[in-house]
A.B. asks: 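Before anything else, here's the structure in question.
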Number of protein chains: 2
Amino acid sequence: MIDVRPCCTMPHTPAVEDTLRTIFVRAGRGEPVGTSAVADELHVSPPTVSIMLKRLTAAGLVQRTDGHLAALTEHGSTHARDVVRRHRLLETFLQRVLDVPWDEVHAEADALEHAVSPRLLDRIDRHLGHPDRDPHGDPIPRDGGGIGEEWGVRLDSAPAGRAFHIERVYDRDSAALRYLADLGIAPGVRIDVTERQPFGGPLWIRVGPDAHALGEPLTHLVHGRVVAPAGARGTLA
Amino acid sequence: MIDVRPCCTMPHTPAVEDTLRTIFVRAGRGEPVGTSAVADELHVSPPTVSIMLKRLTAAGLVQRTDGHLAALTEHGSTHARDVVRRHRLLETFLQRVLDVPWDEVHAEADALEHAVSPRLLDRIDRHLGHPDRDPHGDPIPRDGGGIGEEWGVRLDSAPAGRAFHIERVYDRDSAALRYLADLGIAPGVRIDVTERQPFGGPLWIRVGPDAHALGEPLTHLVHGRVVAPAGARGTLA
DNA sequence: GCATAGAGTTAGAGGTGACTAATGATTGAC
DNA sequence: GTCAATCATTAGTCACCTCTAACTCTATGC
Ligand SMILES: [Mn+2]
Ligand SMILES: [Mn+2]
Ligand SMILES: [Mn+2]
Ligand SMILES: [Mn+2]
């Protein structure tokens, strides 16, 4: 049995920080936060996460809800946001200063986030001019709140015949990011949704002059907002 | 008892890497590498180092000599040099790109050195233009050997009445580095040794127009070479 | 109703890294 | 020559992180 223990007496090890960050991001995306889901993202076994969640709960950083799901307490959120801030600032720095490609920054930041001191992070933030968003369009939390964590509309639920403004692309899957980048899909890009096949069939889009069919898993990674009827394109073409 | 185990089966944890680096640097300075000395530098207890040295010995990375002293094997040297390369490249990057002050880069690099991937290190090296030396004048090891680890003459054994070209300043003691920087003492600077007091008394030096007395511990941190009689100054003044 | 699949947890174990306290070994002082 | 200081090691604990194997629970399907 694990004792109840205030958060401050628990060391913030890499495993603890990674778990907090994962819960924060998954919950932000509105996905259920279960033991196995977290285990998958962290590449560890479910028992490892089970024990970790128990420790985090005892420390008052996590609350368990009905069906074994996990949610951050307010205190847990504060710590998680700090880790997310480090992670996203580092991603931004790696891309802007060292030209690390889009699909590699996540893995590098995952390691570095546990090794940057607050002072160093501050220098990085200043050097970048206090950026708002990381290379995937994810908001960088600030001390005073700042931009929220809202994820907008997922591409697979965008209506056909409308334009779609891409705001965020989920950064876990490196190969998927490379593929999407090849297609020209990135935050800030506007695409047209031309056709939606039912039952998990492909979603047809246009990126500039090029048409592409996206499989369902890919569409789950892209978030943004529906902006205008695609009919406007007809007047241009 | 710890089994004999080839190096490749032993994880290169931060504790392992820090120990290898510390042995490498201490040995490079010609100082005896004992359990307590390493423990002091790593801020851990002697038993912790004792056990670590036993593991490193079993892995074929360290050899114990006569009086319990430790020395790196050739294989151990290879790994240690890699850690030192990461450490010094990071120090250089932090200073040149992020303006981290001289006396802080060591502590930051001590944490980051365990979190940079080979790919990222390569990008850092390229971004810096493959630097030779870190902010303290320490040589950055390269794959093909490169500059050696020689430490030159220690300032306390420089003769009075001669000029002294500073090549390296030992980077462990942050407060000492700050003090020396205030005095204008840094790699590449030339000073004049004006007077040597015996029995650990102060060493008098001139940095440009300013005269300073250095206590013995400080003189142990500065290495370089004796370059010319200080009498040459008289013709200038 | 019951079997099965999926998710979560418990049990048991091993590796790493850290500590304190006690014990050996060497050296230097008196 | 003995005592004390210094150094290294051993012994004994403990926390953390990870695993596999086994168990529980809860839908879901037939
Ligand atoms: Mn991480
Ligand atoms: Mn990101
Ligand atoms: Mn280190
Ligand atoms: Mn250095």
Side-chain angles (χ1 to χ4, degrees), chain A residues 1-23 26 31-59 61-71 79 83 110-111 114-115, chain B residues 1-23 26 31-59 61-71 79 83 110-111 114-115:
Chain A
M1 201 56 194
I2 291 174
D3 296 320
V4 174
R5 206 166 62 150
C7 144
C8 15
T9 70
M10 171 189 235
H12 286 206
T13 60
V16 166
E17 293 191 333
D18 283 341
T19 306
L20 290 175
R21 179 168 54 73
T22 300
I23 297 171
R26 264 195 91 82
E31 288 166 13
V33 184
T35 306
S36 299
V38 174
D40 276 354
E41 293 216 11
L42 296 179
H43 304 114
V44 295
S45 69
T48 300
V49 174
S50 194
I51 291 166
M52 177 61 78
L53 289 179
K54 212 186 299 179
R55 282 207 303 139
L56 294 176
T57 305
L61 297 168
V62 160
Q63 278 174 339
R64 306 310 293 269
T65 63
D66 43 315
H68 297 292
L69 295 184
H79 286 288
V83 184
D110 188 16
H114 316 291
Chain B
M1 204 54 196
I2 291 175
D3 296 319
V4 174
R5 206 167 61 149
C7 145
C8 15
T9 71
M10 173 190 233
H12 285 204
T13 60
V16 167
E17 293 191 333
D18 283 341
T19 306
L20 290 175
R21 179 169 53 73
T22 300
I23 297 172
R26 265 195 89 85
E31 288 166 12
V33 183
T35 307
S36 298
V38 174
D40 275 354
E41 294 215 9
L42 297 179
H43 303 114
V44 295
S45 68
T48 298
V49 174
S50 195
I51 291 166
M52 176 63 77
L53 289 178
K54 211 187 297 178
R55 282 208 303 138
L56 294 176
T57 305
L61 297 168
V62 159
Q63 279 174 338
R64 308 307 294 267
T65 63
D66 43 315
H68 298 292
L69 295 186
H79 286 289
V83 184
D110 189 16
H114 316 292

A.B. asks: For A/K54 and C/dT10, is the shortest distance between a side-chain N/O and OP1 or OP2 below 4.0 Å?
C.D. replies: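 For A/K54, the contact criterion (side-chain N or O under 4.0 Å from OP1 or OP2 of C/dT10) is met.
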A.B. asks: Please report the interatomic distance NE2(A/H12) to NE2(A/H79), rounded to the nearest 0.5 Å.
C.D. replies: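 Answer rounded to 0.5 Å: 4.5 Å.
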A.B. asks: Test side chain to side chain contact (heavy atoms under 4.5 Å, CB included) on B/M10 and B/L56; report intermediate values, then the result.
C.D. replies: CA-CA 9 Å; B/M10 173 190 233; B/L56 294 176; 4.0 Å; yes
A.B. asks: Any chance you could measure B/L42, atom CG, to B/T22, atom OG1, to the nearest 0.5 Å?
C.D. replies: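 Nearest 0.5 Å value for the CG-OG1 distance: 4.0 Å.
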A.B. asks: For each nucleotide in nucleotides 18-24 of chain D, reading 5' to 3', give B when a protein heavy atom comes within less than 4.0 Å of its base, S when such contact involves only the sugar-phosphate, and - otherwise.
C.D. replies: SBBB---
A.B. asks: Would you indicate, yes or no, if D/dC16 has its OP1 or OP2 atom less than 4.0 angstrom from a side-chain nitrogen or oxygen of A/R5?
C.D. replies: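 For A/R5, the contact criterion (side-chain N or O under 4.0 Å from OP1 or OP2 of D/dC16) is met.
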A.B. asks: I need the NE2-C1' distance between B/H68 and D/dT10, as an integer number of Å.
C.D. replies: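 Atom NE2 in B/H68 sits about 13 Å away from atom C1' in D/dT10.
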A.B. asks: With side chain to side chain contact (heavy atoms under 4.5 Å, CB included) as the test, would you mind laying out the steps for A/D18 and A/R21 before giving the verdict?
C.D. replies: CA-CA 5 Å; A/D18 283 341; A/R21 179 168 54 73; 3.3 Å; yes
A.B. asks: What side-chain donor-acceptor pairs closer than 3.5 Å can you find for residues 61-70 of chain B, not counting sequence neighbours?
C.D. replies:
unit_1 : atom_1 : unit_2 : atom_2 : d
B/R64  : NH2    : B/H68  : O      : 2.7

A.B. asks: Counting only side-chain N and O atoms of B/S36, is one of them less than 4.0 Å from OP1 or OP2 of D/dA8?
C.D. replies: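 B/S36 to D/dA8 OP1/OP2: side-chain N or O found under 4.0 Å.
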A.B. asks: To the nearest Å, how far apart are A/H12 NE2 and D/dC16 C1'?
C.D. replies: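 Atom-to-atom, A/H12 to D/dC16, this comes out as 14 Å.
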A.B. asks: Between atom CG in B/D66 and atom P in D/dC7, what is the gap in whole Å?
C.D. replies: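 About 16 Å, once rounded to whole Å.
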A.B. asks: What heavy-atom pair brings A/M52 and A/A15 nearest, and what distance separates the two atoms?
C.D. replies: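 Heavy-atom minimum between the residues: CE-CB, 3.6 Å.
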A.B. asks: Starting at atom CG of B/L53, determine the distance to atom P of D/dT9, rounded to an integer number of angstrom.
C.D. replies: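 Those two atoms, CG and P, are 7 Å apart.
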A.B. asks: Whole angstroms only, please: what is the CG-C1' distance between B/L42 and C/dA18?
C.D. replies: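 About 13 Å, once rounded to whole Å.
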A.B. asks: Going from NZ on B/K54 to OG1 on B/T57, what distance comes out if it is rounded to the nearest 0.5 angstrom?
C.D. replies: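 That separation rounds to 9.5 Å.
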A.B. asks: Rounded to whole Å, please give me the gap between CG in A/L69 and C1' in C/dA7.
C.D. replies: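 Rounded to the whole Å, the gap is 11 Å.
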A.B. asks: Taking CD from B/E17 and C1' from C/dT16, how many angstroms apart are they, rounded to a whole number?
C.D. replies: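 So the CD-C1' distance, B/E17 to C/dT16, works out to 14 Å.
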A.B. asks: B/A37 or A/M10: which one's nearest nucleotide on DNA chain D is closer to the 5' end?
C.D. replies: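 Its nucleotide being nearer the 5' end, the pick is B/A37.
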